[in-house]
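Following: one structure in structure tokens, then a few remarks.
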Amino acid sequence: MDVRLLGQVDYLPTYEAMQAFTAARTPSSPDELWMCEHPPVFTQGLAGLASHLLVPGDIPVVQTNRGGQVTFHGPGQVMAYPLVNLQRAGYYVKEYVFKLEESIIRTLAHFGVTGHRVAGAPGIYVRLDDPFSHAALVGPAPAADPFKGLGKISALGIKVSRHCTYHGAALNVAMDLQPFERINPCGYAGLKTVDLFTIGVETTWEEAARVLAGQLAARL
């Protein structure tokens, strides 16, 4: 897998470049992993509802063909875009998503943070009261508040075309979190969004990107 560190790049040209790369792939094209961050932008998934975009203000909104609902991207957030031929790799979409989530969990563990999955809600979450606790989430989530006590630190949204993936995962490192209050993140009203800085981890975008790239490259 070729890893490309793109730095800060505009969202729309990057999205278009992923589409072009995927359309031009041949069975022998090497897989790539693009690591970057974007200027502030809201992105809507295929099933995205306008009602979840509350007060976008001066931040642009881009319609995309990934799965999921609306989310926010901005400086201080690591974006990981794996461009993987799943047919050649030998696993299905469900396993691919698991590998993405596991890479995020292992990256958080590198910084001493325990990441959690929530059934039916792709992405990775942390305990707000003690992000460094290794205790597992136990028991059924409250029906009225499945994210009680949790904050979302990583969002996922993918597209598969001709067995090849694009879009990917976001890891919040040290960013302006206020724009998440202008939306229902990933379609969930009131969902708390956090980053590594707000839970007590001081690191750089570059270090977080390096660790996540290594975890993804090892698993994909």
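Keep in mind the model is a prediction, meaning the values are calculated, not measured.
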With the side chain counted from C-beta on, respond yes when [X] and [Y] share a heavy-atom pair under 4.5 Å apart, and no when they do not.
X      : Y      : value
Val201 : Leu108 : no
Leu128 : Val194 : yes
Glu207 : Val173 : no
Ile199 : Val113 : yes
Ile153 : Thr193 : no

Note to self: What verdict does the side chain to side chain contact (heavy atoms under 4.5 Å, CB included) test give for Val97 and Lys94, after you've listed the backbone C-alpha separation in whole Å, the side-chain angles of each residue and the deciding distance to 0.1 Å?
What the structure shows: CA-CA 5 Å; Val97 171; Lys94 186 174 182 179; 6.0 Å; no

Return yes if some donor-acceptor pair links the side-chain N/O of [X] with the main-chain N/O of [Y] below 3.5 Å, else return no.
X      : Y      : result
Lys99  : Arg219 : yes
Arg4   : Glu32  : no
Asp195 : Thr198 : yes
Ser154 : Ala170 : yes
Arg127 : Gly151 : no
Thr14  : Val9   : no
Trp205 : Gln77  : yes
Ser161 : Cys164 : no
Thr43  : Val62  : no
Glu101 : Gly123 : yes

Which distance, rounded to the nearest 0.5 Å, do you find between the [atom1] of [X] and the [atom2] of [Y]?
X      : Y      : atom1 : atom2 : value
Glu37  : Met79  : CD    : CE    : 10.5 Å
Ile105 : Leu100 : CD1   : CG    : 11.0 Å
Ile124 : Leu171 : CD1   : CG    : 10.0 Å
Gln215 : Thr107 : CD    : OG1   : 5.0 Å
Leu53  : Gln69  : CG    : CD    : 11.0 Å
Phe42  : Ile183 : CZ    : CD1   : 5.5 Å

Same apolar cluster (I L V M F W Y, side chains within < 4.5 Å links), [X]/[Y]:
X      : Y      : value
Trp34  : Leu5   : no
Phe72  : Val41  : no
Leu191 : Leu196 : no
Ile104 : Tyr125 : no
Phe21  : Val160 : no

Next item on the list: Begin from the C-alpha positions of Met35 and Leu6 and carry the test side chain to side chain contact (heavy atoms under 4.5 Å, CB included) through to its verdict.
Entry: CA-CA 6 Å; Met35 307 296 294; Leu6 305 180; over 6 Å; no

Which atoms form the tightest heavy-atom contact between [X] and [Y], and what is the distance?
X      : Y      : answer
Gln44  : Leu49  : NE2-O, 3.2 Å
Val61  : Pro56  : CG2-CB, 4.1 Å
Pro39  : Gln8   : CG-OE1, 3.6 Å
Val3   : Ala213 : CG1-CB, 4.2 Å
Lys152 : Cys186 : NZ-SG, 3.0 Å
Ala189 : Asn184 : CA-OD1, 3.4 Å

Next item on the list: Would you mind listing every ring pair (Phe, Tyr, Trp, His ring centres under 6.0 Å) that reaches into residues 80-101, with sequence neighbours excluded?
Entry: His38-Tyr81

Next item on the list: Just do the side chain to side chain donor-acceptor pair (under 3.5 Å) check on Asn65 and Tyr166 with the steps written out, would you?
Entry: CA-CA 10 Å; Asn65 63 355; Tyr166 59 102; 2.7 Å; yes

Checklist line | Residue pairs fulfilling salt bridge (Lys or Arg N to Asp or Glu O under 4.0 Å) with at least one residue in residues 53-82, sequence neighbours excluded | finding: Asp58-Arg182

Check: Tyr11 vs His73 aromatic rings, parallel, tilted or perpendicular, using cut-offs 30° and 60°?
Finding: parallel

With a 4.0 Å cut-off on N to O distance, would you call [X] and [Y] a salt bridge?
X      : Y      : answer
Asp31  : Arg25  : yes
Arg210 : Glu206 : no
Arg117 : Glu102 : yes

Do other residues, nucleotides or ligands put more than 12 heavy atoms under 6.0 Å from [X] [atom1]?
X      : atom1 : answer
Gln178 : CD    : yes
His163 : NE2   : no
Phe197 : CZ    : no
Lys192 : NZ    : no

Note to self: Holding to ring pair (Phe, Tyr, Trp, His ring centres under 6.0 Å), I want the full list of residues that pass it with Tyr188, two or more places apart in sequence or in another chain.
What the structure shows: Phe147

Next item on the list: Run the numbers on Leu86 and Val93 for side chain to side chain contact (heavy atoms under 4.5 Å, CB included), then give the verdict.
Entry: CA-CA 8 Å; Leu86 294 182; Val93 173; 3.9 Å; yes

Note to self: Go through it in stages, so that I can follow the logic: the residues are Thr165 and Ile158, the test is side chain to side chain contact (heavy atoms under 4.5 Å, CB included), and I'd like the CA-CA distance, side-chain angles, deciding distance and then a yes or no.
What the structure shows: CA-CA 7 Å; Thr165 69; Ile158 67 170; 5.7 Å; no

